[in-house]
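A, B, ... follow the sequence lines: proteins, then strands. Residue 1 opens every chain.
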2 protein chains.
Amino acid sequence: MPTLRDVAKLAGVHQSIVSRVLNDDKKTSVKEETRRRVLEAAEALGYWPNALARGLKLKSVGSLALVIPDISNPVYAEIIRGAEQEARRSGHFLLLASTEGTDPGELEFLQSLLEGRVDGVILANALVEDAVIDDLEAGRYPYVLVNRRSQRASRYVVADDAAGAMLAVNYLIDRGHRRIGHLAGPPTADTALTRKYGYRQAIEAAGIAFHEDLVIEGSYSTDSGRVGIRRLLSLKDPPTAVFAANLRVAAGAMDAARRTGTRIPEDLSVVAMHDTELAELLSPGLTTVRLPLEGLGREAVRMLLRVARGEPGPEQVVLLGAELVERESVSPI
Amino acid sequence: MPTLRDVAKLAGVHQSIVSRVLNDDKKTSVKEETRRRVLEAAEALGYWPNALARGLKLKSVGSLALVIPDISNPVYAEIIRGAEQEARRSGHFLLLASTEGTDPGELEFLQSLLEGRVDGVILANALVEDAVIDDLEAGRYPYVLVNRRSQRASRYVVADDAAGAMLAVNYLIDRGHRRIGHLAGPPTADTALTRKYGYRQAIEAAGIAFHEDLVIEGSYSTDSGRVGIRRLLSLKDPPTAVFAANLRVAAGAMDAARRTGTRIPEDLSVVAMHDTELAELLSPGLTTVRLPLEGLGREAVRMLLRVARGEPGPEQVVLLGAELVERESVSPI
DNA sequence: TTGAAAGCGGTACCAG
DNA sequence: CTGGTACCGCTTTCAA
């Protein structure tokens with residue numbers, strides 16, 4: 001690997017000149033002829049600056065970390081895509097770290113990530129422990145939470161999950177449903193709580209009594225959907241429609257329902273949060289609520305960059321814009 | 001951020017001692033009492049070594065890059081998971097870079113990645129241009145291709161796509177199918193070519209005539225599956241079964257087939273390459289061939305680490321172990 | 001307009 | 001067993 005000195009030698013100038021030319025430093029001027037020679041030499045050697053040395057000096061490496069819990073979840077894929085784009089746009093690399101179940105010991109993990117390797121961290125991990133957040137706050141590390149609120153975290157960007165949930169439930173209500181179940185996510189996840197809240201708001205706003213037993217809490221997994229729907233369908237007075245807290249849950253629920261002979265949408269209408277490829281591949285195509293997930297990733301990067309640069313800006317962002325995507329999983333009653 | 005010198009000062013020793021203690025250097029010994037003091041000081045300050053400074057000196061940063069074309073593809077998710085695990089096991093970070101359509105200018109991209117930021121690169125990008133590979137070879141950069149063969153690349157790790165395809169097709173043949181279509185992937189993808197080859201091998205080995213018009217080439221997308229299946233079904237003598245080159249293609253095909261009134265598996269049997277969550281969520285559940293994708297990721301990391309360390313080892317690895325996963329998308333004829 | 005030199009935060013070699 | 005020092009490759013201030 002050629003270094004600055006190599007280029008300098010070939011161009012017959014001092015390395016500091018090379019540095020100035022290559023970074024095209026406005027503060028000092030370089031003779032046109034010299035600049036040309038330097039550029040040529042750099043080109044000839046295929047010179048590329050060493051990011052480590054640069055970062056060491058400048059105390060900024062030009063990369064950000066995005067920590068997610070699980071790569072195979074398409075929800076994260078969208079957040080990642082948005083973050084990637086924005087990072088690239090601003091000349092940064094995105095270092096993706098998936099905790100993939102290896103969730104504990106995260107602190108050490110973050111430490112080694114932060115110590116020079118990246119300029120800041122975005123935590124898309126729905127399950128970060130409060131201790132981790134406290135530590136980040138204490139260390140004054142540049143970080144932002146995405147898709148998760150927290151009392152202790154000063155910065156986060158989230159979607160309007162409550163509005164999304166209400167959109168879904170109102171859609172069902174508008175079609176005449178009164179007994180509407182909710183397959184909720186894990187009570188440990190902020191998004192799950194918020195969606196459940198939205199569900200309840202919509203129900204009560206329509207003057208329908210809220211029934212605790214129509215809400216089944218589980219995890220964000222297909223199996224959870226399967227288990228949940230069985231419980232709902234075995235109720236003496238089962239719901240005519242369900243709102244699933246995410247797509248996987250809905251998929252599991254549809255699968256399990258079908259296996260017990262329940263037809264969708266004739267016997268049971270289904271609406272789910274999140275709209276990914278899967279929604280249209282299921283049959284019947286699933287009616288969903290689309291949240292601006294890519295936007296979440298984008299905003300998180302923007303906010304992080306602001307924090308890292310010490311610039312002012314909003315500390316909490318709620319991205320509006322939930323949208324209903326109609327397919328064939330709902331029938332009027 | 002405390003530095004080595006800070007720790008040294010607090011412990012009342014020289015920084016070089018601190019370095020030795022913290023890296024627990026076997027070559028020089030340190031008095032037990034001193035060691036304790038150093039450890040305490042480091043703990044008290046919350047010291048963590050700066051990865052950049054370390055990397056600059058050691059010419060190795062402890063991170064690897066994995067370049068993929070598209071995060072939302074679950075096939076890559078599995079490769080990523082395997083790579084992550086192996087990287088972590090060996091104390092490395094995995095820097096994930098998704099080209100996400102931004103495919104050109106890859107060279108520059110790789111350059112800036114390689115220049116110090118990572119110790120090597122794994123290219124899971126099925127569409128890397130040969131020029132890129134030539135350049136990597138020329139630059140003697142540590143790199144490995146995964147899930148793609150190449151004449152010009154000296155190192156790659158792939159699955160046994162041909163055997164997998166044969167497994168799928170033979171399964172259909174065993175159940176009495178003779179007219180078997182193939183929804184192939186893009187001719188630019190090595191995996192697609194290999195699977196097509198496997199398909200043909202299986203067909204001919206069974207003494208069935210190979211019909212060019214039963215093979216539809218497309219891309220690895222759901223839409224391609226939709227288009228392809230329509231063409232196959234509109235043949236004067238349509239196939240009774242199809243082998244889809246990947247799961248997305250199969251999902252699209254099933255969707256389109258169903259919409260034209262074709263029942264699966266009664267009218268048309270379907271087998272697809274790859275087994276992800278989607279396969280069991282579709283209805284009917286899709287019979288698939290599972291390739292050792294996680295293993296691919298793992299092996300790629302191992303190989304890359306060997307290359308980076310200049311150790312000897314195999315240059316091409318073909319990971320065996322395709323496996324048929326039976327569900328409900330095939331009926332005997 | 002250019003050159004010299006210091007220093008970012010470590011590691012490792014050599015001397016004591 | 002411990003301290004001093006050079007250096008990894010770059011940026012930047014100060015002098016010439």
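Side-chain N/O atoms of B:R54 include one lying less than 4.0 angstrom from OP1 or OP2 on C:dT11. OP1 or OP2 of C:dT11 sits under 4.0 Å from a side-chain N or O of B:N23. Contact between the side-chain N/O atoms of A:T34 and the OP1/OP2 oxygens of C:dT2 is found at a separation under 4.0 Å. Between A:K59 and C:dG9 there is a side-chain polar atom (N or O) within less than 4.0 angstrom of OP1 or OP2. For B:S19, a side-chain nitrogen or oxygen approaches OP1 or OP2 of C:dT11 to under 4.0 Å.
Taking atom CG on A:L4 and atom C1' on D:dC7, their separation rounds to 16 Å, with Å as the unit. A:Q15 has its CD atom 9 Å from the C1' atom of D:dT11, to the nearest Å. For the pair B:H14 NE2 and D:dG4 C1', the computed distance is 5 Å after rounding to whole Å. One can place NZ of B:K31 at 10 Å from C1' of D:dT2, the figure rounded to the nearest angstrom. Atom C1' of nucleotide C:dG10 and atom CG of A:N50 are separated by 14 Å, given to the nearest angstrom. Residue A:K27 contributes atom NZ, which lies 12 Å from atom P of D:dC14 at whole-angstrom precision. Counting to the nearest Å, the P atom of D:dC10 and the NZ atom of A:K9 are 13 Å from each other. A straight line from CZ of A:R35 to C1' of C:dT1 spans 12 Å, rounded to a whole angstrom.
Checking side-chain atoms of B:R117 against main-chain N and O of A:V61 turns up a donor-acceptor pair under 3.5 Å.
The side chain of A:L56 lies closest to C:dC8, out of C:dC8, D:dC10, D:dT13. Among C:dG3, C:dT11, D:dG4, the nucleotide with an atom closest to any side-chain atom of B:S16 is D:dG4. For A:S29, whose side chain is taken as the heavy atoms from C-beta onward, the closest listed nucleotide among C:dT1, C:dT11, C:dA12 is C:dT1. Picking from C:dT2, D:dT11, D:dC10 the nucleotide with the shortest atom distance to the side chain of A:Y47 gives D:dC10.
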Pair A:L145, A:R148 - check side chain to side chain contact (heavy atoms under 4.5 Å, CB included), show working. CA-CA 6 Å; A:L145 253 45; A:R148 181 208 204 265; 4.0 Å; yes

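Among the protein residues, A:L52 comes within range of no part of the nucleic acid, since none of its heavy atoms lies under 4.0 Å from any strand. Counting any heavy atom pair closer than 4.0 Å across all strands shown, B:K57 reaches a base atom.
Of the charged side-chain nitrogens involved, at least one lies within less than 4.0 Å of a carboxylate oxygen, so that A:R302 and A:E299 count as a salt-bridged pair. Ion pairing of A:E32 with A:R35 is present here, as a side-chain N (NZ or NE/NH1/NH2) and a carboxylate O approach within less than 4.0 Å. One finds no salt bridge joining B:K31 and B:E33 here, because no Lys/Arg side-chain nitrogen approaches an Asp/Glu carboxylate oxygen to under 4.0 Å. Electrostatic pairing of B:E86 and B:R89 counts as a salt bridge here, judged by a charged N lying under 4.0 Å from a carboxylate O.
Take the nearest nucleotide of DNA chain C for B:T3 and for A:G12: the residue whose nucleotide is more 5' is A:G12. Nearest-nucleotide assignment on DNA chain C puts the 5′-proximal partner with A:E32, out of A:R5 and A:E32.
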